[in-house]
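So you know, we letter chains A, B, ... as the sequences are listed, proteins then strands, and number each from 1.
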There are 2 protein chains.
Amino acid sequence: MTDPLPSTSRSLPIALIRAREGVMAPIREMLSETGITEQQWRVLRVLDEAGSMDTKTLANRASLLFPSLTRIASAMRDKGLITQTRDTVDRRRQMIALAPAGQKIIDDHRHRAGQIVDGFRATLGTENYETLLDLLGRLDPGPRD
Amino acid sequence: MTDPLPSTSRSLPIALIRAREGVMAPIREMLSETGITEQQWRVLRVLDEAGSMDTKTLANRASLLFPSLTRIASAMRDKGLITQTRDTVDRRRQMIALAPAGQKIIDDHRHRAGQIVDGFRATLGTENYETLLDLLGRLDPGPRD
DNA sequence: TGTCAATAATTAACATGTTAACGATACTGC
DNA sequence: GCAGTATCGTTAACATGTTAATTATTGACA
């Protein structure tokens, strides 16, 4: 018996990459004028949504690996987008908070970002959009604790 | 009116990233013993499926950007996984073909890769799995020609 | 209290993603 | 033929993904 792999045109990993390309294209276009990257935008989004938090929690919520976040946070600190402070009790820990310049980027682009999301929701239809999020969620491995 | 962005837990870009993490984890584990990367595996898959082709077509089918493919192909040539030959008619073009060592990696891992795919299909159910691929396909921007 | 394991974060090393600039070849129309 | 343009591919520069090693700090416990 042969044991054919699925055609690459029906391959789940490739489909996920391509869908991500399609979704991120307009977002990247929006962000290009701000000078921040897609990952930095995710960090700002999470901090705006949930307030300041420690690095580990931030990495999980923004779906970034720890070493990536170390570099990203250091770049964002240098740009004045966030602040980093050592936990006084456990000096291994670090708290990260939104700085005014970071908050301004969120505020300035919240509306357009919402429009982009609405565009995709309209493309698929609300029901399909929610179905897609549910199915994707079932493939999510969860936090790597 | 406030204009809230979707919670990051229901954000499409983040959901796509996390789903990809979940899907790729077992594949990366399988590939770790071969010494090739996930992208190199995609290149081998496409070549195995459709035969040799020029660089541009390969980049599109494997969802790789051109500069990435330049580096990946050069590494794979050095490892003897593929061959690169100049088109004699149009000397700008380059044909890439599977070499025996590359074919062997495909053959040795075809079965396990199929099992991994079947696992995800079973997790979601066949109907949901096909629905997911269809919805992802509708977000695909298509080739960047 | 002194040693060892566990945790938070960084650093290192290499591969890829992304955009822009560049070089080489082919085509087009005059 | 030749200037202008388009196409294929590479290179450059920087940011991120990924795994492994390292440092700093804390906690457990004999």
Side-chain angles (χ1 to χ4, degrees), chain A residues 13-14 16-18 20-21 23-25 27-29 31-43 53-60 62-79 81 84-96 141 143-145, chain B residues 13-14 16-18 20-21 23-25 27-29 31-43 53-60 62-79 81 84-96 141 143-145:
Chain A
I14 291 183
L16 289 167
I17 292 171
R18 292 188 174 160
R20 195 168 125 68
E21 278 179 34
V23 170
M24 289 314 301
I27 296 178
R28 261 202 292 271
E29 187 182 0
L31 293 178
S32 68
E33 64 193 42
T34 70
I36 72 171
T37 67
E38 167 201 334
Q39 288 81 0
Q40 294 177 355
W41 171 252
R42 283 217 301 278
V43 168
M53 62 188 71
D54 65 83
T55 305
K56 186 178 183 180
T57 306
L58 179 55
N60 276 328
S63 281
L64 293 169
L65 293 180
F66 233 87
S68 294
L69 183 52
T70 293
R71 289 175 302 211
I72 292 169
S74 134
M76 294 179 78
R77 172 175 37 74
D78 293 346
K79 286 198 272 189
L81 303 178
Q84 293 174 301
T85 56
R86 284 278 162 196
D87 185 314
T88 52
V89 178
D90 185 340
R91 283 186 304 192
R92 292 170 303 183
R93 287 197 184 173
Q94 190 182 143
M95 293 298 284
I96 297 188
R144 296 176 177 178
D145 294 341
Chain B
I14 291 182
L16 289 168
I17 292 171
R18 291 187 175 160
R20 193 169 125 68
E21 277 179 33
V23 169
M24 289 314 301
I27 297 179
R28 260 201 293 272
E29 188 182 359
L31 293 179
S32 68
E33 65 193 42
T34 71
I36 73 171
T37 66
E38 167 201 334
Q39 288 79 1
Q40 294 177 356
W41 171 252
R42 282 217 301 279
V43 169
M53 62 188 71
D54 64 81
T55 304
K56 186 178 183 180
T57 306
L58 179 55
N60 276 328
S63 281
L64 294 169
L65 294 180
F66 233 86
S68 294
L69 184 52
T70 292
R71 290 175 301 212
I72 293 169
S74 135
M76 293 179 78
R77 172 174 37 73
D78 293 347
K79 286 198 270 189
L81 302 178
Q84 292 174 302
T85 56
R86 283 279 161 197
D87 185 315
T88 51
V89 178
D90 184 341
R91 282 187 304 191
R92 293 170 303 184
R93 287 198 183 171
Q94 189 183 143
M95 293 299 283
I96 298 187
R144 295 175 176 178
D145 293 341

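Leu65(A) has its CG atom 14 Å from the C1' atom of dA15(C), to the nearest Å. What separates CG of Leu69(B) from C1' of dA15(C) is a distance of 14 Å, to the nearest Å. One can place CZ of Arg71(B) at 12 Å from P of dA12(D), the figure rounded to the nearest angstrom. Between the C1' atom of dA15(D) and the CD atom of Gln40(A) lies a distance of 8 Å, rounded to the nearest Å. The nearest whole Å value for the distance from the CD1 atom in Ile17(A) to the C1' atom in dT18(C) is 15 Å. Going from atom CG of Leu31(B) over to atom P of dC14(C) covers 20 Å, rounded to whole Å. Separating the CZ atom of Arg77(B) from the P atom of dT10(D) is a distance of 9 Å, rounded to the nearest angstrom. Here dT16(C) presents its P atom at 19 Å from CD of Glu38(A), a figure rounded to the nearest Å.
Considering only side-chain N and O atoms, Gln39(A) lies nowhere under 4.0 angstrom from the phosphate OP1 or OP2 of dG17(C). OP1 or OP2 of dT18(D) sits under 4.0 Å from a side-chain N or O of Arg28(B). For dT16(D), one of the phosphate oxygens OP1 or OP2 lies less than 4.0 angstrom from a side-chain nitrogen or oxygen of Thr37(A).
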note = Quick tally for nucleotides 1-9 of chain C: nucleotides whose base has a protein heavy atom under 4.0 Å get B, sugar-phosphate-only ones S, the rest -, giving -----BBSB
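Between the CD1 atom of Ile14(A) and the CZ atom of Arg18(A) there is a distance of 6.0 Å, given to the nearest 0.5 Å.
Toward the 5' end of DNA chain D, the nearer of the two residues Val89(A) and Ala75(A), judged by each one's closest nucleotide, is Ala75(A). Sequence order on DNA chain D of the closest nucleotides to Pro67(A) and Arg91(A) puts Pro67(A) first from the 5' end.
A donor-acceptor contact shorter than 3.5 Å links the side chain of Arg42(B) to the backbone of Ala62(B). The backbone N or O of Ile36(A) sits nowhere less than 3.5 Å from a side-chain atom of Lys79(A) that would complete a donor-acceptor pair.
Other residues, nucleotides and ligands place no more than 12 heavy atoms under 6.0 Å from the CZ atom of Arg91(B). More than 12 non-hydrogen atoms from other residues, nucleotides or ligands lie less than 6.0 angstrom from CD of Glu38(B).
Partners of Arg93(B) according to the salt bridge (Lys or Arg N to Asp or Glu O under 4.0 Å) rule, which considers only residues two or more places apart in sequence or in another chain, do not exist here.
Listed nucleotides: dT19(D), dG17(D), dG17(C). Nearest to the side chain of Arg42(A): dG17(D).
Only one option out of Gln94(B), Arg92(B), Met95(B) pairs with Asp54(B) in a side-chain contact (heavy atoms from CB on, under 4.5 Å); it is Met95(B).
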